[in-house]
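Below is one structure, written out as structure tokens, with a few remarks after it.
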2 protein chains.
Amino acid sequence: MYISTKTEYAVRALAELALSSNNKPVSITEICEKQSLPRKYVEQLFRKLKQNGLVVSTHGALGGYSLAESVDSISLRNIMDAVDESYVKSFCNREYRTLHHCKGLPCGFHELWDEIKEHLNDYFESIKLDQIIARL
Amino acid sequence: MYISTKTEYAVRALAELALSSNNKPVSITEICEKQSLPRKYVEQLFRKLKQNGLVVSTHGALGGYSLAESVDSISLRNIMDAVDESYVKSFCNREYRTLHHCKGLPCGFHELWDEIKEHLNDYFESIKLDQIIARL
DNA sequence: GAGATAACCTATAAAAATAGTAGGAATTGG
DNA sequence: CCAATTCCTACTATTTTTATAGGTTATCTC
């Protein structure tokens, strides 16, 4: 139960983007220099962020990324979902855990895991990018 | 952000223990047969559970484990803490992430991660073993 | 158009964490 | 003594995560 560095990096990068953008796209190079993050890795994260509609990109020189939505509508959950697809996994239905499953699905634990999953989803949904930026 | 199989196994095993114990110790072999869990792995988990005061053990034949506390005072957090020591990690202070730390500690993100950590701790603390058993 | 800078894409490597196995020692009840 | 059990340590295998590498395509400036 921890927050992945993917998520950490994405949050830091998006916060940096929100702050250094003056309605102009910001390049990954710039973001990563300011936040001292690994460029090539963050590139990959941004492509996922784009696929999930959190940022938009412009090509070429002077290009870069911009937020697709306002900072008060981008949630931590959005970010986690985008960058760390399986950030809340529930078990019993994870195929690769085939050996020691609770048998007789659906088992009585499903409900518990699902409830936890929902709680976490709601919680992370409630944390928006503007609140994160606000305390920097 | 997911719950480890360590935690899943420990929860299932402790629930099984609580249910099949008639004030007598239950062996790991029995627990694992009923829940179809890998015995040797669960053994290791139980030693951690013991170290953390969640169960007590009796040696020898007819030995096994018993809950050290009542089912309404053992929380999911207790279990996670015991079995999955670093279940809530907060960053910036994780030494092995030395390369791409936010610089100038403490950075503005600390507060966020710590708040999340606390929330999760409180939430998992609120889920007790008796509630888990109740819906089986 | 040339050159620079950027997103975009895929593959691979390196590192870390997780899950699981193995073999035996110590303890206790029958 | 024998069987069942906890207890302990080490090792192996697998999976996931993090990071790097090398290149392609698009766009801006000159």
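For the numbers below, each heavy atom of this structure counts, side chains included, while hydrogens, waters and symmetry mates do not. Chain A is the first sequence line, chain B the second, and so forth, proteins listed ahead of strands; every chain is numbered from 1.
- A salt bridge is absent between Arg12(B) and Glu16(B): the closest approach of a Lys/Arg side-chain nitrogen to an acidic carboxylate oxygen does not fall below 4.0 angstrom.
- In this structure, the CG atom of Leu62(B) is 11 Å from the P atom of dT6(D), given to the nearest Å.
- Side-chain to base pairing of Glu43(B) with dT21(C): no donor and acceptor N or O lie closer than 3.5 Å to each other.
- In this structure, Glu85(A) atom CD and dT18(D) atom C1' are separated by 14 Å, rounded to whole Å.
- Checking dT5(D), dA19(C), dT20(D) against the side-chain heavy atoms of Ser27(B) singles out dT5(D) as nearest.
- A donor-acceptor contact under 3.5 angstrom links the side-chain atoms of Lys40(B) to the base of dG24(C).
- Pairing each heavy atom of Arg39(A) with each of Ile28(A), the nearest pair is CG-CG2, 3.8 Å.
- The distance from atom NZ of Lys24(A) to atom C1' of dT5(C) is 16 Å, rounded to the nearest whole Å.
- Summarising the geometry of Lys128(B) relative to Asp72(B), their closest heavy-atom pair is CD-O, 3.5 Å, with the distance given to 0.1 Å.
- Between Leu45(B) atom CG and dT21(C) atom C1' there is a gap of 14 Å when expressed in whole angstrom units.
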Begin from the C-alpha positions of Arg47(A) and Glu43(A) and carry the test salt bridge (charged side-chain N to carboxylate O under 4.0 Å, His left out) through to its verdict. CA-CA 6 Å; Arg47(A) 271 185 292 123; Glu43(A) 261 187 30; 5.4 Å; no
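- Minimum heavy-atom separation, Val83(B) to Lys48(B): O-NZ, 3.8 Å.
- For Lys6(B), taking side-chain heavy atoms from C-beta onward, the closest of the listed nucleotides dC8(C), dT18(C), dA19(D) is dT18(C).
- Using cut-offs of 30° and 60° for the angle between ring planes, the His119(A) and His119(B) rings count as parallel.
- Mapped onto DNA chain D by nearest heavy atom, Tyr41(A) and Ala61(A) fall at different nucleotides, with Tyr41(A) at the one closer to the 5' end.
- If you take CZ of Arg47(A) and C1' of dG23(D), they are 12 Å apart, rounded to a whole angstrom.
- Scanning residues 48-60 of chain B for heavy-atom distances under 4.0 Å to DNA chain C yields His59(B), Gly60(B).
- Clustering ILVMFWY residues whenever any of their side-chain heavy atoms sit less than 4.5 angstrom apart, transitively, puts Val56(B) in a cluster other than the one holding Ile31(B).
- For the pair Ile31(A) CD1 and dA7(C) C1', the computed distance is 12 Å after rounding to whole Å.
- In this structure, the CD atom of Gln44(B) is 13 Å from the P atom of dA22(C), given to the nearest Å.
- In this structure, OH of Tyr65(A) is placed 15 Å from P of dA26(D), rounded to the nearest angstrom.
- Between Ser4(B) and the phosphate of dT18(C), there is no side-chain N or O to OP1/OP2 separation shorter than 4.0 Å.
- Contact check, Tyr9(A) against dT17(D): no side-chain N or O comes under 4.0 Å of OP1 or OP2.
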